[in-house]
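Nothing here was measured: the structure is a model prediction, and the numbers come from that model. Starting from 1, each residue takes its place in the sequence as its number. Both backbone and side-chain heavy atoms feed into the values below; hydrogens, waters and symmetry mates do not.
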Amino acid sequence: MRLLFAGTPEPAVASLEALLASRHEVVAVLTRADAPSGRGRKLTPSPVRARAEEAGIRVITDVPRGDEFIALLEELQVDAAPVVAYGHILRPAVLAVPRLGWINLHFSVLPAWRGAAPVQRALIAGDEVTGATTFLLDEGMDTGPVLGTATETIRPTDTSGDLLGRLAVSGAELLVATLDALEDGTLQPQPQPADGVSVAAKLTTDDARVVWTDPALAVDRLVRGCTPAPGAWTVLPDGSRLGLGPVSPRPDVTDLRAGEVRALKHEVLVGTATHAVALGEVRPVGKKAMPAPDWARGGGRALVEAGLVLGGTTPDGTTPGGMTPDGTAAGTSATGAASAPSTTGASA
């Protein structure tokens, strides 16, 4: 079949590679326009564009709407348009052009985790299994009929980067198999189930803030789900942020209160609502990531020696705004009485 491949970021490159090696012909690639990147904010082509140009394939960066774009699609005479993390909404008039439609590869087993961040949300929710789905794009958000699925076990130490890397490879195989079956006429789209729908909203920077009064399991999942992007973080007493890499649960350490830090020779422990976690890499503002023990012996030493409590709380358990972690004013109980001090159209 003649294909128009639509994709933009690095995880989409595996699918483009698989299609180039398949029996189908990729006649053009649709990707987002070059975007500023790096400290110099230099315009940089998308990973998909870079690979397409290397392969000598025509690259289109037009916004996918309007009569001119539809005429361009018709000129290409494509049978189908596989899509992987393209990043633009496709209007009904555009969806109607390819003979077999736009076939989207989504990194969840639909209808679970419809939306922009299915891999991160699955990790944060503590799912044990996720996967990939191919489906026909319609006007809803990841609501079209399913063509194929593949499952993937979530490993205990997976970050979103780890998991997405595996899904990009297995999803590419699924996408090629789906296109083969569509060409052969052996595949019948199936409506998505009405039950089991969940939404994977894009993660914001605020979503990635660690709440140390949560259980250790939730802290571990949040940090892994936000690695590498948007990047988990916490707050130091001066209000600056400390970036966090994956942590290691330490169920044997239960004597630290939420956010309290204990620096040992080879590890840095932080208390949560249940038990401690050991910090992995940390990233102070303006610095490169480093092992937590190195930070505690260096730039963070004075804070640790002063009785550091992470998350915007001070050593007496209050926040910089004078609130305790449970939201009550410092020096009062939850009842107010004085208390003794305590220790998005179809999105492609």
Side-chain donor/acceptor of Arg51 to backbone N/O of Glu17, under 3.5 Å: no

Heavy-atom donor-acceptor pair, Arg23 side chain to Asp180 backbone, under 3.5 Å: yes

Arg121 and Asp207, any side-chain heavy atoms less than 4.5 Å apart: yes

Between CH2 on residue Trp212 and CG on residue Leu256, distance to nearest 0.5 Å: 11.0 Å

Check: Ser170 side chain, Arg166 main-chain N or O, donor-acceptor pair, under 3.5 Å: yes

Point-to-point distance, once rounded to the nearest 0.5 Å, from CD of Glu139 to CG of Leu90: 11.5 Å

Ser108 side chain vs Pro118 backbone, donor-acceptor pair below 3.5 Å: no

Side-chain donor/acceptor of Arg297 to backbone N/O of Lys265, under 3.5 Å: yes

Test item: Leu136 and Ile103 side chains (from C-beta on) under 4.5 Å apart, heavy atoms: yes

Exceeds 12 heavy-atom contacts within 6.0 angstrom, atom CZ of Arg283: no

Passing candidate, side chain to side chain contact (heavy atoms under 4.5 Å, CB included) with Thr178, options Val146, Thr149, Leu147: Leu147

Side chain proximity check, Phe107 to Leu163, heavy atoms < 4.5 angstrom: no

Same apolar cluster: Leu182 and Val26, side chain cutoff 4.5 Å: yes

Over 12 foreign heavy atoms within 6.0 Å of CD, Glu128: no

Distance-only polar pair, side chains of Thr159 and Thr227, donor-acceptor under 3.5 Å: no

Arg224 and Asp162 ion-paired at < 4.0 Å: no

Atom pair OG1 (Thr134) and CG (Leu174), whose distance is rounded to the nearest 0.5 Å: 4.0 Å

Heavy-atom side-chain contact between Trp233 and Leu244 under 4.5 Å: no

Electrostatic pair Arg221-Asp214, nearest N-O below 4.0 angstrom: no

Arg301 atom CZ: more than 12 heavy-atom contacts under 6.0 Å: no

Salt bridge present between Lys288 and Asp294 (N-O < 4.0 angstrom): no

Minimum side-chain heavy-atom gap Val268-Val282 below 4.5 Å: no

Nearest-0.5 Å distance that lies between atom NE2 in His106 and atom CG in Leu137: 11.0 Å

Distance-only side-chain donor-acceptor flag, Ser240 / Asp238, under 3.5 Å: yes

Neighbour count above 12 (heavy atom, 6.0 Å) for Asp252 CG: yes

Gln77 side-chain N/O to Arg2 backbone N/O, donor-acceptor pair under 3.5 Å: no

Spacing of Thr8 atom OG1 and His88 atom NE2 [to the nearest 0.5 Å]: 7.5 Å

Validation row: Val29, Arg49 side chains within 4.5 angstrom (heavy atoms): no

Check: Val253 and His275 side chains under 4.5 Å, non-hydrogen atoms: no

Polar side-chain atom of Ser198 near backbone of Trp113 as donor-acceptor pair, under 3.5 Å: yes

Value rounded to 0.5 Å, distance of CG in Leu76 from CG in Leu3: 11.5 Å

